[in-house]
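First the proteins, then the strands, lettered A, B, ... as listed; each starts at 1. Everything numeric here is computed off the predicted structure, so don't read it as measured data.
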There are 2 protein chains.
Amino acid sequence: MVTARRGDLFDPACPTRRLLDRVGGKWVAMIVKVLAEAAPQELGFAELRRRVPGISHKMLSQTLQSLTADGLAARRVEDCVPPRVFYRLTPLGLSLDAPLAALRDWAERHMPDIDDFARERAAP
Amino acid sequence: MVTARRGDLFDPACPTRRLLDRVGGKWVAMIVKVLAEAAPQELGFAELRRRVPGISHKMLSQTLQSLTADGLAARRVEDCVPPRVFYRLTPLGLSLDAPLAALRDWAERHMPDIDDFARERAAP
DNA sequence: CAGGATCCATTGTGATACTG
DNA sequence: CAGTATCACAATGGATCCTG
């Protein structure tokens, strides 16, 4: 992730760099996708966990927290005995899903090309 | 960066995850942008270094190497006394610039919103 | 149940120096 | 000039335990 240390002196805090620092993490893109697909329905923490296979309790909590802190997701606590918490994307978060979808689309289309290239250059 | 350890068992090697592992690095996006803007002109190593302020010799070399290994960039060595090396995006690399441009566009439009949100929630 | 704290392994990044 | 090896440091991500 990293923000900037010494070189963005010229372009202090390039917006794209800052965005990638937020969405380049291991889980952000998938969580945004899942929440976007569920929208306008909100999803409970446990439900999210089920829809993001392999994510740890900690990383889900942590990622949702950063999304919430950035105003990309909204958090709602249901005040019952085993407390339940629900998340949904904000309009801002939903708007981010568009460019992410473009990336997903490219990935599905062209990652095979990258793999092919790697295989060819490995072949003697 | 990381590729997958234990959870992508269900979605082994999600293409989007793998793509982000490649372009989420600190310099990839900017280098692709610079090369895309220069295309179809190729750029020398030193010229690239000038156009990516703050990047270290090592990181530029390393990043270009991974782009080349993925078939996103092409490398040409000019065989003169002080050897010069030129880089350009391949068609595949150029095609990747489109979704990245979408991300850049979103970043320029909406990162201020994220900043505003952070400022508001900081205000008592 | 959700979330926070702690500890640890791994990786990414950077400075530097050396090679062709 | 471009590339690479080495070393050091910061940042991620994951496992586990503890709390309201």
Side-chain angles (χ1 to χ4, degrees), chain A residues 1-10 14 17-18 20-31 35 42-69 73-88, chain B residues 1-9 14 17-18 20-31 35 42-70 73-88:
Chain A
M1 286 296 181
V2 172
T3 45
R5 178 169 309 281
R6 196 238 91 194
D8 296 315
L9 297 174
F10 308 87
C14 160
R17 181 68 257 124
R18 296 181 57 219
L20 282 170
D21 282 345
R22 287 152 200 266
V23 303
K26 194 169 179 181
W27 302 106
V28 181
M30 187 172 300
I31 292 176
L35 285 174
E42 55 184 9
L43 293 178
F45 187 91
E47 179 60 27
L48 265 167
R49 201 166 175 198
R50 241 168 289 131
R51 300 204 192 186
V52 183
I55 195 170
S56 69
H57 189 135
K58 170 192 169 186
M59 287 313 293
L60 180 55
S61 182
Q62 193 171 299
T63 306
L64 287 169
Q65 200 175 328
S66 81
L67 288 176
T68 304
R75 197 183 110 114
R76 183 177 69 82
V77 181
E78 195 166 272
D79 199 18
C80 51
V81 180
R84 302 202 41 172
V85 186
F86 296 87
Y87 294 89
R88 63 179 175 80
Chain B
M1 286 293 172
V2 172
T3 45
R5 180 171 305 283
R6 194 237 94 194
D8 297 315
L9 297 174
C14 159
R17 179 68 257 124
R18 296 180 58 218
L20 283 170
D21 282 345
R22 286 152 200 266
V23 302
K26 193 168 178 179
W27 303 106
V28 182
M30 187 172 301
I31 292 176
L35 285 174
E42 56 185 9
L43 293 178
F45 186 91
E47 180 59 27
L48 265 167
R49 200 166 174 199
R50 242 168 289 130
R51 300 203 193 188
V52 183
I55 193 169
S56 69
H57 188 135
K58 170 192 167 184
M59 286 313 294
L60 180 56
S61 182
Q62 192 170 301
T63 306
L64 286 168
Q65 198 176 322
S66 80
L67 288 176
T68 304
D70 286 338
R75 199 182 110 115
R76 183 175 69 81
V77 180
E78 195 164 273
D79 201 18
C80 50
V81 180
R84 302 202 39 172
V85 186
F86 297 86
Y87 294 89
R88 63 176 175 81

Could you state the atom-to-atom distance from CG of Leu20(A) to P of dG12(C) in whole Å? 16 Å
When rounded to the nearest 0.5 Å, the distance separating CG of Leu64(B) from CG of Leu35(B) is 7.0 Å
What is the separation between atom CD on Glu47(B) and atom C1' on dC1(D), rounded to the nearest whole Å? 14 Å
Rounding to an integer number of Å, can you tell me how far Phe86(A) CZ sits from dC1(C) P? 13 Å
Give me the bend of the helix from dC1(C)-dG20(D) to dG20(C)-dC1(D), using the axes of the five pairs at each end, rounded to 10°. 30°
Side-chain contact, heavy-atom cut-off 4.5 Å: Arg22(B) with Asp70(B)? yes
Pick the closest DNA chain C nucleotide for Gly44(A) and for Met59(B) by heavy atoms, then say which residue is nearer the 5' end. Gly44(A)
Go through the structure and list residues passing side-chain contact (heavy atoms from CB on, under 4.5 Å) with Arg75(A), not counting sequence neighbours. Thr68(A), Val77(A), Val85(A), Tyr87(A)
Quick one: list whatever passes side-chain hydrogen bond (donor to acceptor under 3.5 Å, both in side chains) with Arg76(A), sequence neighbours left out. Glu42(A)
Map Ser56(A) and Pro83(A) onto DNA chain D by nearest heavy atom, then report which one ends up closer to the 5' terminus. Ser56(A)
Going by the salt bridge (charged side-chain N to carboxylate O under 4.0 Å, His left out) test, which pairs reach into residues 51-64 of chain A, not counting sequence neighbours? Glu47(A)-Arg51(A)
Closest heavy-atom pair and its distance - Val23(B), Leu20(A): O-CD1, 3.9 Å
Which residues satisfy the side-chain contact (heavy atoms from CB on, under 4.5 Å) test with Val81(B), sequence neighbours excluded? none
Pairs: protein N or O with nucleotides 3-7 of chain C N or O, under 3.5 Å:
residue	atom	partner	partner atom	Å
dG3(C)	OP1	Arg75(A)	NH1	2.1
dG3(C)	OP1	Tyr87(A)	OH	2.6
dG3(C)	OP2	Tyr87(A)	OH	3.2
dG3(C)	N7	His57(A)	NE2	2.6
dG4(C)	OP2	Gln65(A)	OE1	2.6

Between C1' on dG3(D) and CG on Leu48(B), what's the gap in Å once rounded to a whole number? 15 Å
Tell me the interatomic distance from Arg17(A), atom CZ, to dA11(D), atom P, rounded to whole angstroms. 14 Å
Qualifying residues under side-chain contact (heavy atoms from CB on, under 4.5 Å), relative to Val52(B), sequence neighbours excluded: Trp27(B), Met30(B), Ile31(B), Val34(B), Ile55(B)
